[in-house]
Amino acid sequence: MIDIKLLRENPARFALGAKAKNIPIDIERILKLDTERRQLQGEGDKLRAEQGKFAKESGPQIGKLKGQLKGLKGAEAEAVQKQLDELSAKPLALKSAEAEISKRLAVIDPELNQLLLQVPLPPDSDVPVGASAEDNIEISRWNPDGFDPSKSFESQRGFKPKTHLEIVRDLKLADFERGVKLAGSRSYILTGDGMALHLAVLRYAVDFMVYKQGFSPTSVPVLVKEEAMVGTGFFPAGREQAYLIDETHRAGDPEGYDLYLTGTGEVGLMGVHMGEILDESVLPLRYVTVSTCFRREAGAAGKDTAGLYRIHQFDKVEQVVICKADEAESRAWHKKMMGYVQELLRSLSIPHRLLQCCTGDLGPKNADMVDIESWMPGRGEVGKDGVPSGAYGETHSASRLYDYQCRRLNMRYRAGGAVGKGDTVFCHSLNNTVLASPRFLIPLLENHQNADGSVTIPEPLRPYMGGKSKIG
RNA sequence: GGAGAGGUGGCCGAGCGGUUGAAGGCGCCUGACUCGAAAUCAGGUUUACCCGUGAGGGUAACGGGGGUUCGAAUCCCUCCCUCUCCGCCA
């Protein structure tokens with residue numbers, strides 16, 4: 001959610017921001033509704049004030065007369081009734097006028113809120129303008145000693161690389177046929193060392209964040225209320241990406257709570273403190289979770305259909321930072337959070353690069369986003385010799401959101417003081433992948449495959465694999 | 001699933017139709033006293049929105065929503081949640 005006050009002051013900034021993000025939004029309409037709303041609120045407030053005053057002044061008298069009326073008959077009763085009618089005329093008139101205004105507000109408010117929820121956070125001025133992921137800009141690359149993705153795999157390693165599909169098949173690490181039988185397309189079953197490796201990388205990533213970087217390990221619900229989805233900014237724009245547990249329908253109860261399966265642990269982590277006023281001293285909050293993520297992948301039909309790349313269910317270690325409302329601090333955390341991932345990838349000898357996302361690739365909630373892509377030798381165009389060229393594939397995404405999420409989640413802290421002192425301010429939030437698997441198994445298996453078809457397990461993962469150094 | 005109890009401010013806890021944004025206590029803040037601290041005393045201490053350059057003014061909120069009433073934290077309806085006991089499951 002953006003700040004309506006800022007929008008009032010500088011509507012052009014938000015109009016331009018939305019345009020840069022390719023998100024259609026009617027700013028004029030919002031301004032008009034906002035003006036109307038404020039005017040109606042003013043009128044309503046005035047009427048209520050008057051009525052409240054009346055209730056205090058003449059109300060008790062009405063009560064007294066009503067009491068008298070009970071014991072009276074005939075002409076006397078009529079006289080009292082007349083007095084009562086006169087006294088009641090004013091509040092009744094105020095009441096109906098107020099009701100009229102409330103009715104109009106009841107129409108305007110939902111529309112205004114609905115629109116406000118759709119206004120994207122304008123990209124930061126230093127984010128390059130672009131239409132889509134095509135226009136993202138490479139910031140940096142890292143390669144392990146002895147391997148450079150810009151040269152062919154075979155020339156450096158002495159054999160033709162297999163794709164992860166082939167590796168997984170040959171080493172029996174996954175069973176796609178049965179996965180699909182069980183759960184439909186984009187489903188899979190990890191088997192044997194495939195499952196073991198999956199658990200190993202997740203656990204390694206969690207431990208890395210907890211014991212090396214000092215993040216608090218936290219479990220979160222993956223089945224959440226709509227509020228949490230709206231609050232974190234995944235709704236309304238991404239509604240079609242989420243699986244719905246339709247409890248309303250199932251229970252035949254129109255008031256029941258529907259629940260949604262989260263597509264990232266970010267929802268749960270950010271939701272932990274929704275509605276709270278945090279003590280300034282607890283900031284920055286640094287949370288890490290590992291959670292199962294569910295994505296419908298609507299609109300991705302036909303894309304990456306084979307293998308472990310684009311799937312409906314996976315597990316992800318996610319890091320979230322909730323800090324004070326300070327741009328410099330927020331930017332510093334962004335860098336740090338990317339730094340953790342770079343360190344992690346280096347420790348596993350995975351070639352990777354950082355991509356500055358352009359405005360068109362940011363999504364509604366981000367002011368800035370950097371993707372981290374890992375080198376996958378089995379991806380990319382297949383050459384004449386039947387060997388793929390290799391390509392970078394997105395494995396991480398680091399977002400900086402200012403107070404966009406916290407405003408929606410109503411997550412604040414009291415700046416500069418204890419309870420009863422200092423202003424309440426919306427926190428800033430950031431998030432970044434630490435590691436998502438099984439997608440991450442793709443670069444892991446493909447980069448560490450050997451000529452004999454085996455796969456070397458990078459040193460840091462071995463303790464999580466029963467000390468084994470090799471698969472196959 | 002069956003039976004009961006309950007949801008009030010940062011916390012505890014009163015109020016059960018009117019002057020209560022809400023007694024009292026705890027906590028916290030400011031000041032006085034003190035060399036300093038403790039104790040004591042005095043004052044202060046919710047949030048959101050609207051109007052106003054400002055001082056300030058107004059409205060709303062006692063789990064959510066709706067209703068009755070001139071007036072609701074207090075009455076009615078409904079939903080949600082928490083707790084206790086029983087059953088069921090892990």
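Just so we're clear, the structure is a prediction, and the values are computed from it rather than from any experiment. Protein chains get the first letters and strands the later ones, always in sequence-line order, with residue 1 at the start of each.
Taking atom CD1 of residue A:I101 and atom P of nucleotide B:rU59, one finds them 14 Å apart after rounding to whole Å. Rounded to a whole Å, the CG atom of A:D34 is 9 Å from the P atom of B:rC51. For the pair A:E227 CD and B:rG65 P, the interatomic distance rounds to 12 Å; values are reported in whole Å. Protein atom CZ of A:R412 is 8 Å distant from nucleotide atom P of B:rU47, rounded to whole Å. The distance between atom NZ of A:K103 and atom P of B:rG66, rounded to the nearest whole Å, is 15 Å. B:rC51 atom P lies 16 Å from atom CG of A:L47, rounded to whole Å. Atom CD of A:E43 and atom P of B:rC51 are 13 Å apart (whole Å). Spacing between atom CG of A:L94 and atom P of B:rU69 amounts to 16 Å, rounded to whole angstrom units.
Salt-bridge check for A:R296 with A:E240: failed, with every basic side-chain N at 4.0 Å or more from each acidic carboxylate O. Contact check on A:E266 versus A:K365 returns a salt bridge, with a Lys/Arg side-chain nitrogen under 4.0 Å from an Asp/Glu carboxylate oxygen. Ion pair A:R331/A:E327 flagged as a salt bridge, since at least one NZ, NE, NH1 or NH2 atom sits closer than 4.0 Å to an Asp/Glu carboxylate oxygen. Under 4.0 Å is where a charged nitrogen must lie from a carboxylate oxygen, and between A:R29 and A:E111 at least one such pair does.
The partner of B:rU46 is B:rA61, judged by Watson-Crick or G-U wobble contacts that both fall below 3.5 Å. Of all nucleotides present, only B:rC12 satisfies the Watson-Crick or G-U wobble test against B:rG24, with each distance under 3.5 Å. Of the nucleotides present, B:rA5 is the one that pairs with B:rU82 by Watson-Crick or G-U wobble criteria, both distances under 3.5 Å. Figure legend. B:rC88 is base-paired to no nucleotide; pairs are counted as Watson-Crick or G-U wobble with both atom distances under 3.5 Å. In this structure, B:rC70 and B:rG18 make a Watson-Crick or G-U wobble pair, each of the two defining distances being under 3.5 angstrom. In this structure B:rU34 sits in no base pair that meets the Watson-Crick or G-U test at under 3.5 Å. Pair assignment for B:rG52: none, as no Watson-Crick or G-U wobble contacts are both less than 3.5 Å.
Contact of the A:E297 side chain with the A:D304 side chain is not registered, since no non-hydrogen atoms from C-beta on lie closer than 4.5 Å. Contact annotation: the side chain of A:C357 approaches that of A:N136 to within less than 4.5 Å [non-hydrogen atoms, C-beta and beyond].
At a threshold of 4.0 angstrom between heavy atoms, the contacts of A:R407 with the nucleic acid are absent.
For the C1' atom pair drawn from B:rC77 and B:rA23, the interatomic distance equals 30 Å after rounding to whole Å. Across the P atoms, B:rC33 and B:rG27 are found 23 Å apart, a figure rounded to whole Å. Taking the P atoms as reference points, B:rU78 lies 42 Å from B:rC26, given to the whole Å. Nucleotides B:rC12 and B:rG65 place their P atoms 22 Å apart, quoted to the nearest Å. One P atom belongs to B:rG71, the other to B:rA61, and the distance between them is 13 Å to the nearest Å. Only the C1' atoms considered, B:rA14 is 15 Å distant from B:rG7, to the nearest whole Å. B:rG58 sits 16 Å from B:rG52 when the P atoms are compared, rounded to a whole Å. Only the P atoms considered, B:rU20 is 16 Å distant from B:rA60, to the nearest whole Å.
Closest to the A:K5 side chain, of the nucleotides B:rU69, B:rC50, B:rU59, is B:rC50. Nearest nucleotide to the A:R37 side chain, out of B:rC70, B:rC50, B:rU47: B:rC50. For A:D45, the side-chain atoms get nearest to B:rU59 when compared with the rest of B:rU59, B:rC51, B:rA48. In the set B:rU47, B:rC70, B:rC50, B:rC70 carries the atom at the smallest distance from any side-chain atom of A:F54. Each of B:rU59, B:rC50, B:rG71 was ranked by its minimum atom distance to the side chain of A:A49; first place goes to B:rU59.
Between A:K95 and the phosphate of B:rG71, there is a side-chain N or O to OP1/OP2 separation shorter than 4.0 Å. Look at A:R38 and you won't find any side-chain N or O under 4.0 angstrom from OP1 or OP2 of B:rC49. The shortest distance between the side-chain N/O atoms of A:R48 and the OP1/OP2 oxygens of B:rC49 is not below 4.0 Å. Phosphate contact (OP1/OP2 of B:rG71, side-chain N/O of A:Q51, threshold under 4.0 Å): present. One finds no side-chain N or O of A:T424 lying less than 4.0 angstrom from the OP1 or OP2 phosphate oxygen of B:rU46.
Mapping A:L92 and A:Q41 onto RNA chain B by nearest heavy atom places A:Q41 closer to the 5' end of the strand.
Within 6.0 Å of CZ on A:R462 lie more than 12 heavy atoms contributed by other residues, nucleotides or ligands.
In this structure, the ring of A:Y340 has its center less than 6.0 angstrom from the ring center of A:F215.
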